[in-house]
Every structure is written in C-alpha cells, then in structure tokens.
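Just below is one structure, and these are the notes that go with it.
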Amino acid sequence: MKSLEITTNKRLLIVEPPKNYSLVHFKYGDTRLGFVNLDKANPYDDVIDFTIGKHLHTICRGSDLNEEIAAGMVDSKLSGTVLGEIITKIKGQRITVFKNYKNGQWTYTALDSFISVIEAQGWYWGENPLTYVKTPAEEIADKNKWVRFMSKEECKFLNAESRTFHPERVLIFEIVEG
C-alpha cells in the first residue's frame with residue numbers, strides 16, 4: 001500500500017491500496033477505514049488498517065479529481081497580487097493562480113498545483129517518469145520464476161514505480177482533528 005501525507009491549505013492523506021483490495025468501513029471500538037483483499041475466501045483475513053490515530057474525511061477518488069476539487073485543496077490568490085503578472089496587464093482582468101509547491105512559483109491550474117505538492121515530496125502522479133523494457137531473457141526468467149539479478153535500470157524503474165500514484169486506484173482523504 002502506498003500512502004503520502006501532505007499539507008497544503010489542508011492536511012491530506014493520499015492512499016493507493018494494492019491491486020484487488022477494496023475500501024471498507026469496519027469497527028474495532030471506533031469506526032475505521034481499511035482495505036480488504038478481495039481474492040481471499042474470507043477478505044477480512046487480510047485487512048490493511050490505515051486510519052489508526054487519524055480521523056479522515058473522504059474527498060474523492062484519484063480518477064474523480066478535477067479542477068474544482070483540487071482548487072479547494074491548494075493555496076491560491078488573485079493574480080493582481082502577483083508582481084510582474086503580464087497576463088493581467090494584457091487582458092485587463094484578474095485571474096486566480098495556484099501555488100506550485102515544487103518550485104515556489106504560481107501556476108494557472110489547481111490540478112497542476114496539486115500534482116506539484118506530490119512531486120515536491122519525491123512522488124509521482126499518473127505515470128512512472130522512467131521506462132524500462134525487459135529483455136527476452138528477463139521475460140523467460142520471470143515467467144519460469146527463476147532467480148535473476150536486476151539491472152540498475154530495472155531497480156531505478158521499480159523504485160520510481162513504488163513512488164507513483166495511479167489515479168484510478170487512489171483515494172484522497174482530509175485529516176481532520178477529532
């Protein structure tokens with residue numbers, strides 16, 4: 001399971017469960033959220049409880065994240081307050097800009113701002129920025145479950161993959177004081 005706690009204008013928890021796990025509410029003294037393995041005969045034999053000590057409010061799934069939702073989770077301001085804002089002078093209007101947490105500048109979309117928070121923590125959103133194609137010999141070894149050494153490129157790729165959130169499997173929560 002991948003999880004990352006970030007702070008913007010809210011405290012957020014981004015969680016990606018392993019494949020074939022589903023979100024459930026269960027009760028052990030207090031109500032908690034967790035993931036169960038749907039491939040098991042009894043899914044509750046393999047529960048991942050990620051809410052210990054946290055009160056969470058569900059915001060959305062990663063695939064449902066849009067500009068409007070993201071705008072409520074990141075810092076923003078009117079462009080008229082940004083010095084040297086050329087676009088404001090040209091169009092003669094004020095527009096909302098959003099903080100880029102990676103470089104400290106401002107961006108024009110809330111989604112870019114949200115993704116910059118994740119990237120500033122050394123994580124990735126959407127796709128692994130590295131690519132790796134296995135050789136035919138590696139494919140055969142993996143298929144037959146033979147022991148083999150991984151190349152440096154494969155290790156770098158797998159490390160980046162372990163820090164990549166896939167929006168179709170991600171859940172975003174707000175951590176609230178409880």
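For Pro17 against Met1, the heavy-atom pair with the smallest separation is CA-CG, 4.2 Å. Taking each heavy atom of Pro167 and Gly126 in turn, the nearest pair found is CD-CA, 3.7 Å.
Screening residues 56-75 for salt bridge (charged side-chain N to carboxylate O under 4.0 Å, His left out) gives no qualifying pairs among residues at least two apart or on separate chains. Identified under the salt bridge (charged side-chain N to carboxylate O under 4.0 Å, His left out) test for residues 149-164, with sequence neighbours left out: Arg148-Glu154.
With a 4.5 Å cut-off on side-chain heavy atoms, His166 and Lys2 count as touching. You'll find the side chain of Ile14 stays beyond 4.5 Å of the side chain of Phe173, heavy atoms only. Residues Leu4 and Gln121 form a side-chain contact, since some pair of their non-hydrogen atoms from C-beta on lies under 4.5 Å apart. Under the 4.5 Å side-chain criterion, counting only non-hydrogen atoms from C-beta, Ile59 is in contact with Ile69. Using a 4.5 Å cut-off on side-chain heavy atoms (C-beta onward), Tyr124 and Ile118 make no contact. Ser162 has its side chain within reach of Asn159: a pair of non-hydrogen atoms, C-beta onward, lies under 4.5 Å apart.
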message: Show, in sequence, the C-alpha distance, side-chain angles and deciding distance for Val176 and Leu56, and conclude whether the side-chain contact (heavy atoms from CB on, under 4.5 Å) test is met.
response: CA-CA 6 Å; Val176 293; Leu56 302 176; over 6 Å; no
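Note on Ile6 and Val15: separate hydrophobic clusters, where clusters join Ile, Leu, Val, Met, Phe, Trp and Tyr whose side-chain heavy atoms are under 4.5 Å apart, directly or indirectly. Residues Val74 and Leu13 do not share a hydrophobic cluster, clusters being chains of Ile/Leu/Val/Met/Phe/Trp/Tyr side chains in contact below 4.5 Å. Both Leu12 and Ile115 are members of a single hydrophobic cluster when ILVMFWY side chains are connected at heavy-atom separations under 4.5 Å. In the hydrophobic clustering of this structure, Met150 groups with Leu130; members are Ile, Leu, Val, Met, Phe, Trp, Tyr whose side-chain heavy atoms approach within less than 4.5 Å, directly or through other members.
Between Tyr101 and the options Thr7, Thr8, Thr107, a side chain to side chain contact (heavy atoms under 4.5 Å, CB included) holds for only Thr8.
Once rounded to the nearest 0.5 Å, the distance linking SG of Cys60 with CG of Asn66 reads 7.5 Å. Annotation: the span from Lys10 atom NZ to Glu174 atom CD amounts to 4.5 Å, rounded to 0.5 Å. Of the inter-residue distances, the one linking Ser3 atom OG with Leu171 atom CG reads 12.0 Å to the nearest 0.5 angstrom. To the nearest 0.5 Å, the span separating NZ on Lys99 from OG on Ser113 amounts to 8.5 Å. Distance CD/Glu16 to CZ/Arg169: 4.0 Å, rounded to 0.5 Å. To the nearest 0.5 Å, atom CD1 of residue Ile172 and atom CG of residue Leu65 are 4.5 Å apart.
Ring centroids of Trp106 and Phe98 are separated by 6.0 Å or more, keeping the two rings apart.
Glu139 has no carboxylate O lying under 4.0 Å from a charged side-chain N of Lys134, or vice versa, which leaves the two without a salt bridge.
Using cut-offs of 30° and 60° for the angle between ring planes, the Trp125 and Phe114 rings count as perpendicular.
Side chain of Asn128 to main chain of Phe157: a donor-acceptor pair is present (N/O by atom type, distance under 3.5 Å, no hydrogens or angles). A distance-only check finds no donor-acceptor pair linking the side chain of Asn144 to the backbone of Trp146 [under 3.5 Å]. Here the side chain of Glu138 pairs a donor or acceptor atom with the backbone of Thr135 at under 3.5 angstrom.
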